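First listed ligand is number 1; within each ligand, the first listed atom is number 1. Predicted, not measured: the structure shown is a model, and the values here were computed from it.
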Amino acid sequence: MSTISKILIANRGEIALRVLRACKELGIATVAVHSTADADAMHVRLADESVCIGPPPSRDSYLNIHQIVAACEITGADAVHPGYGFLSENAKFADILEAHGITFIGPTAEHIRLMGDKITAKQTAVELGIPVVPGSDGEVTSENVLETARKIGFPVLIKATAGGGGRGMKVAKTEGELEEAFNTARTEAAAAFGNPAVYMEKYLGKPRHIEVQVVGDGEGNAIHLGERDCSLQRRHQKVWEEANSPALNVEQRMKIGKICADAMKKMKYRGAGTIEFLYENGEFYFIEMNTRLQVEHPITEAITGIDLVHEQIRVASGAGLSVTQDEITFSGHAIECRINAEDPRTFVPSPGTITHFHAPGGLGVRVDSGAYAGYKIPPYYDSLIGKLIVHGRTRVECMMRLRRVLDEFVVDGIKTTLPLFQDLVANQDIANGDYDIHWLEDYLARTSA
Ligand code: ADP
């Protein structure tokens, strides 16, 4: 067992702060890294030490592997937590750290690679007994695209093998739309990922997005912590997440959870991971696995009482999981709202200085944010400035609490998505838990006219 005594957090914003909090609770020293644009950030102020790793653009700072390794060497950090985004799913980064004798708090480079390519991920899922969306056997080319689509049946979805963030994804409803969808998806994939390869899936009309949280110890033990429903999306970006899903009952939850945990045991997966599914007519269809902590992990923490970053650090140091499956209970309901510095209707980013900031409080309320009054949001990074997580004993109580809490939250000086959540919490479909992955876009189109 390798003890970890100092962790370098290779990230910024609310997630850097969140990881730092876990380290402090475990008595582990912290090193923050930051670009010149983030010198005044909260994660830098609260860390034991900090190192400036470069100018504002991510590729020169938060994605600069050499600078980050150098920062580890200078500070004597023995482990790195990558947060989400940036280098969190970069197998080369995990390899380089290992070569330097630094622990990567995450899965093996091999598992990152396996799940990073969508086609091998899907093949692996099939081998591990996870249900998948019907689709092509591997890559589709101009030679087999028509034949494959006819076999699967229209509508079909063309997706980038190297995909992420919904880019390089195109629907063809009919044969007539196929060629254009295929070509556009390839062009977009080449531009976004430097790899034009695409594959094909049956396009599901009204699915929900349901994902299962897993954690493995790398020795063949693994647990699941139930699911999250992230169906409320805009341009494939999650906006509002819930745990548990309003669409599942206990039997369904435990069944899909067990399938995922068993798969992780077989793989000897190490670390936290999320297995994402589309869910339609009672069936689950695997779409991808994320080999890292997710933005929306706090709702799982709220209903299980388990700190996922503590678990990540434990398994990375060889200390094993702190709980067995039988000890995990699901209590109440939690909702997360992603607070972005964006116009609540057009979603155009709104960087600038926050003039007033007041976070709500009270029972069942968690705000993960590095924002404060006077904080200047740099224009270089994503627009997430905080996450509001509300927990209640029932979904109704959680919604009532969320309504109260949204009224208390003050962020002045910039535009935020808070008003959108005030609309959503008052909406009847949302109150009924009656929505799919298209609901939010339809709603925005309907109400923005
Ligand atoms: P990415 O890695 O680009 O985010 P995913 O495979 O995770 O791609 O899919 C992102 C989103 O695209 C899903 O949450 C869902 O909204 C939609 N999607 C993906 N596959 C399908 C499908 N077969 N049918 C319908 N919608 C899909």
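- Within 4.0 Å of ligand 1, the residues that place a heavy atom are K118, V133, L157, K159, G163, G164, G165, G166, M169, E201, K202, Y203, L204, H209, Q233, H236, E276, L278, I287, E288, I437, listed by chain and number.
- Checked against the 6.0 Å centroid threshold, Y435 and Y443 do not count as a close aromatic pair.
- The list of side-chain hydrogen bond (donor to acceptor under 3.5 Å, both in side chains) pairs with a residue in residues 418-434, not counting sequence neighbours, reads R345-D423, D407-Q422, Q428-N432, D429-W439.
- Comment: R292 engages E89 in a salt bridge, judged by a side-chain N to carboxylate O separation of less than 4.0 angstrom.
- The ring of F277 has its center no closer than 6.0 angstrom to the ring center of Y285.
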Show the atom names and distances, to 0.1 Å, of all donor-acceptor pairs under 3.5 Å that link a side chain in residues 127-140 to residues at least two apart or in another chain.
unit_1	atom_1	unit_2	atom_2	d
S136	OG	G138	O	2.8
S136	OG	M200	N	3.0
S136	OG	M200	O	3.4

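- Every pair passing ring-ring contact (aromatic ring centres under 6.0 Å, His included) that includes a residue from residues 242-272 is listed here, sequence neighbours excluded: H111-Y269.
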